[in-house]
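Working notes for the structure below.
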2 protein chains.
Amino acid sequence: MFSQDQVWRGTLSSVPGIDATDARLLLALSEDPRATVMALSQTLGLARNTVQARLARLESGGALDPFERRLRPEALGYRLTAYITVTVVQTSLAEVSTGLADIPEVLEVIGLSGVADLLVQVVAVDADDLWRISEQVLAIPGVQRTDTNLALRRFVDHRMAPLLKRAAEA
Amino acid sequence: MFSQDQVWRGTLSSVPGIDATDARLLLALSEDPRATVMALSQTLGLARNTVQARLARLESGGALDPFERRLRPEALGYRLTAYITVTVVQTSLAEVSTGLADIPEVLEVIGLSGVADLLVQVVAVDADDLWRISEQVLAIPGVQRTDTNLALRRFVDHRMAPLLKRAAEA
DNA sequence: GTCCTGGCTGAACAATCTGATCGGTTCCGG
DNA sequence: CCGGAACCGATCAGATTGTTCAGCCAGGAC
């Protein structure tokens, strides 16, 4: 059912880990996502060689999420974001999660502490669409109850910079 | 308080939008985040010029989140992820959200429908750390109640591919 | 029918960057 | 004192970039 990689990620395990230099490298990349290795090495005061090696390690070592992560649903026309908490018949967790995975508008499913509760992030083009998706979720065998909360505003947009800066100084 | 860009994002407004060709381009990029423009143009059967123009438009047009988004907290040593819902004295929403923004471990703050409820994603190195952060959140003036839920497992890791594929075909 | 605009193409250019591979250095733990 | 690991500086041919050109074509405006 799950590939090794998926299990690895699914368990929220730790990954190789990055040091202060890596953090600085990533900060530089944050400012210019498509910066060349040359530019990065100059910014960081490291040899091109070093930067190249570190980048390769990071990119292949599982420290980075796939590129998709940078895509804003709004850009694809999905103007609504909602968080649905789903209560599940305990024994059907796997079944429900694959059912959720089959809905394209489901962006993320996270298992929360508490008994068999899932946090599901979904997007929709409009209210009707969201309704349709909610029904799809409810229709999954094993789902007991859902609670849909519309995202009205982003007060803090997803960020890592503060933690990265801390890591860069350490 | 907020720059134009932050307001723009904060309101969850729509962005320029991407067409089927853009979607295909982004899919190709998902498979190889650091693919060269040359490689992309060959994959897509488009002129290098075209790809370059589209990429520039996407990158500068707000369709993409910053690079940080690809960074996995686990890689930085934050092994725990939690979602905290925060009930706020209605008049203090702005105050609370800036208070939350001051905590580095707060990755994201989203205003949910329902009265003055915030969904806060935080990360922590261990349980003690999470406790400390929870207290910090509770200490913010205007916070009425918090409910912390630990993320135990990712059933569906954040993804956009299904929606991208749909957009690529349309 | 004609004009204009916008997007795509193919081509060219010099300048830069890449990937790969040297040997040499420095530092740390065994 | 001896690896081993990480970094450095340097070299190479070959690929890629940014930029700018003119031509082409479809669709909308007049």
Legend entry - Whichever of B:Thr21 and B:Arg34 has its nearest DNA chain C nucleotide further upstream toward 5': B:Thr21

Inset, instruction - Mind checking the CG-CG spacing from B:Leu64 to A:Leu71? Nearest 0.5 Å is all I need. - result: 6.0 Å

Inset, instruction - Please determine if a side-chain N or O atom of A:Thr50 lies less than 4.0 Å away from the OP1 or OP2 oxygen of D:dA6. - result: no

Legend entry - Candidate nucleotides D:dC8, C:dT18, C:dC8, ranked by approach to the side chain of A:Thr36 - the nearest: C:dT18

Legend entry - Whole-Å gap separating C1' (D:dC7) and CG (A:Leu40): 17 Å

Inset, instruction - Figure out the CE/C1' separation between B:Met38 and C:dT16, and round it to whole Å. - result: 15 Å

Legend entry - Rounded interatomic separation in angstrom, taking CG from A:Leu25 and C1' from D:dC7: 14 Å

Legend entry - Any pair counted as salt bridge (charged side-chain N to carboxylate O under 4.0 Å, His left out), so long as it reaches residues 122-139 of chain A, sequence neighbours left out: A:Glu105-A:Arg132, A:Asp129-A:Arg132

Inset, instruction - May I have the distance from A:Glu59 (atom CD) to C:dT18 (atom C1'), rounded to whole angstrom? - result: 15 Å

Inset, instruction - Check the distance between D:dA6's P and A:Ile18's CD1 and give it to me in whole angstrom. - result: 15 Å

Inset, instruction - Report the distance from atom CG of A:Asp22 to atom C1' of D:dA5, rounded to the nearest whole Å. - result: 14 Å

Inset, instruction - Considering just the side-chain nitrogens and oxygens of B:Arg48, establish if one lies under 4.0 Å of OP1 or OP2 belonging to C:dA11. - result: no

Inset, instruction - Hey, could you give me the CD/CE distance between B:Gln52 and B:Met38, rounded to the nearest 0.5 Å? - result: 10.0 Å

Inset, instruction - Could you state the atom-to-atom distance from CZ of A:Arg57 to P of D:dC7 in whole Å? - result: 8 Å

Inset, instruction - Provide, to the nearest angstrom, the distance between the CG atom belonging to B:Leu55 and the P atom belonging to D:dT19. - result: 14 Å

Inset, instruction - Examine the base of C:dT18 for any acceptor or donor lying under 3.5 Å from a partner atom in the side chain of A:Asn49, and report the outcome as yes or no. - result: no

Inset, instruction - Sorted by first residue and then second, give each salt bridge (charged side-chain N to carboxylate O under 4.0 Å, His left out) pair with at least one member in residues 25-44 of chain B; sequence neighbours left out. - result: none

Inset, instruction - Compare side-chain N and O positions of A:Gln52 against OP1 and OP2 of C:dG19 and report whether any pair is under 4.0 Å apart. - result: yes

Inset, instruction - May I ask you to decide if A:Gln42's main-chain N or O and A:Arg48's side chain share a donor-acceptor pair within less than 3.5 Å? - result: no

Inset, instruction - Pick base, sugar-phosphate or nothing for A:Arg54, based on heavy-atom distances below 4.0 Å to the nucleic acid. - result: sugar-phosphate

